[in-house]
K.L.:
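I'd like to ask some things about the structure below.
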Amino acid sequence: MIIPTELINHLRQAGRVAVLTGAGISAESGVPTFRDAQTGLWARYDPQELATPQAFYRNPQLVWDWYRWRRELTSQAAPNAGHLALVEMARRVPHFTLITQNVDGLHQRAGSQEVIELHGSLARSRCAVEDVLIEGWPAGPGLPTCPRCGSLLRPDVVWFGEALPAGALKAANNAARAADVFFTIGTSALVYPASELPLEALEHGATVVEINPERTPLTRYVNFPLTGPAGEILPLLLHETWPDAQP
Ligand code: BJW
């Protein structure tokens, strides 16, 4: 992979860089994506049975068991070279915003700060009725209940048909509109409203870069489609742009 010189120059001069990540950035850490054929979660599990509010009210135990399995899986995973390269990129850019659709916490564990979490986090649970947030998950295999009102707790993630956290979405929209360079990394760009962010950045004049081994509906619109795994391309891009950068 050769990183285009024009992109390197844009990046060196950029005052504001925004990055949107999806499940693909964690794929090289061993965390399954959603929509990749064969290996994606939705190839094995039905999202309608696991990732909607209706599914939760129908069978909360099934949903909790599935999320407990996912949480265990992600707790055993380690950040990869792609996550680490973004930590270093943040140090090089005057205004850097990291927006993720991921709930795995790997950006934070890599050292990224102030990550905008569009779809929540496996690090928290919340009351299904009152929206009271709880750091961590109650232990044990049964159905956890809210310490305040006794209603069911649920994972603090955003399911299909649910609104994204308003503050996070607003911050993401603002960053997309203000960006000089916008990266869309490891996302199929199929899930609204996150999928609109790169287009919003383009409309507001950003240079948009996609990093993905596969084509997505966005690929034909972006300025620089970089085809390949994020864990290889991001460190390369970092070194080509800032030769003294770690790692
Ligand atoms: C690599 C790589 C490597 C591999 N390096 N890359 C019709 C019916 C029902 C709903 C809708 C509908 N039409 C539209 C909607 C709206 C819906 C939506 O967009 N659905 C589409 C799927 C059609 N959106 C919503 O419902 C959202 N809410 C909403 O719209 O609210 C409106 C509202 C307003 C006001 C009041 C009420 C409502 C919410 C969406 C929530 C999504 N939730 C999930 C689950 C989160 C919790 C959890 O993790 O369990 O979020 S679904 C899942 O998809 C997860 C992800 O964050 C999200 C995006 O997936 P992502 O990250 O792009 O992963 P993949 O697998 O799709 O792609 C991975 C990519 O990586 C691939 O391209 C690979 O090639 C690549 N890759 N290896 C780089 N090494």
Side-chain angles (χ1 to χ4, degrees), residues 21-36 39-80 82-84 86-87 98-169 171 186-187 191 194:
T21 63
I25 195 161
S26 297
E28 288 154 90
S29 296
V31 180
T33 62
F34 292 92
R35 294 173 185 79
D36 281 300
T39 56
L41 289 169
W42 297 157
R44 287 181 285 155
Y45 302 98
D46 180 355
Q48 294 306 323
E49 299 298 324
L50 296 160
T52 66
Q54 294 78 6
F56 182 72
Y57 292 115
R58 233 177 4 247
N59 194 343
Q61 188 70 57
L62 177 76
V63 173
W64 265 111
D65 288 348
W66 191 65
Y67 276 96
R68 282 189 176 116
W69 167 70
R70 294 223 359 245
R71 192 171 192 244
E72 180 63 23
L73 198 74
T74 54
S75 71
Q76 286 166 8
N80 64 55
H83 297 105
L84 295 170
L86 290 178
V87 177
L98 179 55
I99 308 157
T100 191
Q101 298 168 83
N102 299 345
V103 296
D104 58 26
L106 286 176
H107 284 304
Q108 290 88 337
R109 282 170 56 198
S112 286
Q113 287 166 7
E114 296 177 36
V115 181
I116 298 175
E117 294 176 324
L118 289 180
H119 293 164
S121 167
L122 293 178
R124 297 180 298 269
S125 47
R126 67 180 154 95
C127 177
V129 174
E130 290 187 331
D131 272 357
V132 172
L133 270 185
I134 292 170
E135 278 305 319
W137 289 18
L143 284 176
T145 51
C146 176
R148 246 180 57 157
C149 73
S151 306
L152 281 184
L153 288 180
R154 53 166 286 179
D156 184 31
V157 298
V158 181
W159 288 321
F160 287 114
E162 293 187 311
L164 276 61
L169 186 57
T187 174
V191 176

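Just the heavy atoms: all of them, side chains too, but no hydrogens, waters or symmetry mates, feed the values below. Here the structure is a predicted model, which means the values were calculated and not measured.
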K.L.:
Counting distance only, does the side-chain N/O of Thr33 pair as donor-acceptor with the main-chain N or O of Leu41 below 3.5 Å?
P.N.:
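Checked: no pair found.
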K.L.:
Can you run down the salt bridge (charged side-chain N to carboxylate O under 4.0 Å, His left out) pairs that involve residues 40-55, sequence neighbours left out, and say none if there aren't any?
P.N.:
Glu49-Arg58
K.L.:
Could you tell me whether the side chain of Val87 reaches within less than 4.5 Å of the side chain of Pro79, counting heavy atoms only?
P.N.:
no
K.L.:
In chain order, what residues pass the salt bridge (charged side-chain N to carboxylate O under 4.0 Å, His left out) check against Asp156, with sequence neighbours excluded?
P.N.:
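Result, salt bridge (charged side-chain N to carboxylate O under 4.0 Å, His left out) vs Asp156: Arg124, Arg126.
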K.L.:
Is the shortest heavy-atom distance from the side chain of Ser29 to the side chain of Leu106 under 4.5 Å?
P.N.:
yes
K.L.:
Got a second to check how far Thr145's OG1 is from Leu152's CG, nearest 0.5 Å?
P.N.:
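That separation rounds to 7.5 Å.
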K.L.:
Before giving the answer on side-chain contact (heavy atoms from CB on, under 4.5 Å), spell out for Arg35 and Val191 the whole-Å C-alpha distance, their side-chain angles and the decisive distance to 0.1 Å.
P.N.:
CA-CA 11 Å; Arg35 294 173 185 79; Val191 176; 3.1 Å; yes
K.L.:
What residues form a side chain to side chain donor-acceptor pair (under 3.5 Å) with Glu162, not counting sequence neighbours?
P.N.:
Arg154
K.L.:
Where is the tightest heavy-atom contact between Val63 and Leu50, given as atom of each residue plus distance?
P.N.:
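Result for this residue pair: CG1-O, 3.8 Å.
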K.L.:
Quick check for you: to the nearest 0.5 Å, what is the distance between Thr100 atom OG1 and Leu118 atom CG?
P.N.:
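Thr100 atom OG1 to Leu118 atom CG measures 7.5 Å (nearest 0.5 Å).
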K.L.:
Just verifying a value: how many Å separate Leu86 CG and His107 NE2, rounded to the nearest 0.5 Å?
P.N.:
6.0 Å
K.L.:
Which residues satisfy the side chain to side chain donor-acceptor pair (under 3.5 Å) test with Ser26, sequence neighbours excluded?
P.N.:
His83, Asp104
K.L.:
Check whether more than 12 heavy atoms from other residues, nucleotides or ligands sit under 6.0 Å from atom CD of Glu114, and answer yes or no.
P.N.:
no
K.L.:
Rounded at 0.5 Å granularity, tell me how far CG in Leu164 sits from CD in Glu117.
P.N.:
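If I round to the nearest 0.5 Å, the distance is 11.5 Å.
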K.L.:
Does Tyr45 have any ring-ring contact (aromatic ring centres under 6.0 Å, His included) partners at least two apart in sequence or in another chain, and if so, which?
P.N.:
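Trp66, Trp69.
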K.L.:
Quick one: pull up CG in Leu169 and CD1 in Ile116 and give me the separation to the nearest 0.5 Å.
P.N.:
9.5 Å
K.L.:
Measuring only between side-chain heavy atoms, which start at C-beta, is Pro144 closer than 4.5 Å to Ser125?
P.N.:
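Side-chain contact under 4.5 Å: no.
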K.L.:
Give me the atom names and distance for the closest heavy-atom approach of Trp137 to Ala123.
P.N.:
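Residues Trp137 and Ala123, closest heavy atoms: NE1-C, 4.2 Å.
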K.L.:
From Ile134 CD1 over to Leu153 CG, what is the distance, rounded to the nearest 0.5 angstrom?
P.N.:
4.5 Å
K.L.:
Please identify each residue that fulfils side chain to side chain donor-acceptor pair (under 3.5 Å) with Trp159, with sequence neighbours left out.
P.N.:
Tyr67
K.L.:
Can you name the closest pair of heavy atoms from Leu73 and Pro32 and give their distance?
P.N.:
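The pair with the smallest heavy-atom distance is CD2-CD, 3.4 Å.
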K.L.:
State whether the side chain of Gln61 and the backbone N or O of Pro141 hold a donor-acceptor pair below 3.5 Å, judged by distance alone.
P.N.:
yes
K.L.:
Can you see which heavy atom on Ser112 is nearest to which on Leu98, and at what distance?
P.N.:
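Closest approach of Ser112 to Leu98, heavy atoms only: OG-CD2, 3.4 Å.
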K.L.:
Kindly check if the number of other-residue, nucleotide or ligand heavy atoms within 6.0 Å of CD (Gln76) is above 12?
P.N.:
yes
K.L.:
Minimum heavy-atom separation for Arg68 and Gly140, please, with both atom names.
P.N.:
NH2-O, 3.0 Å
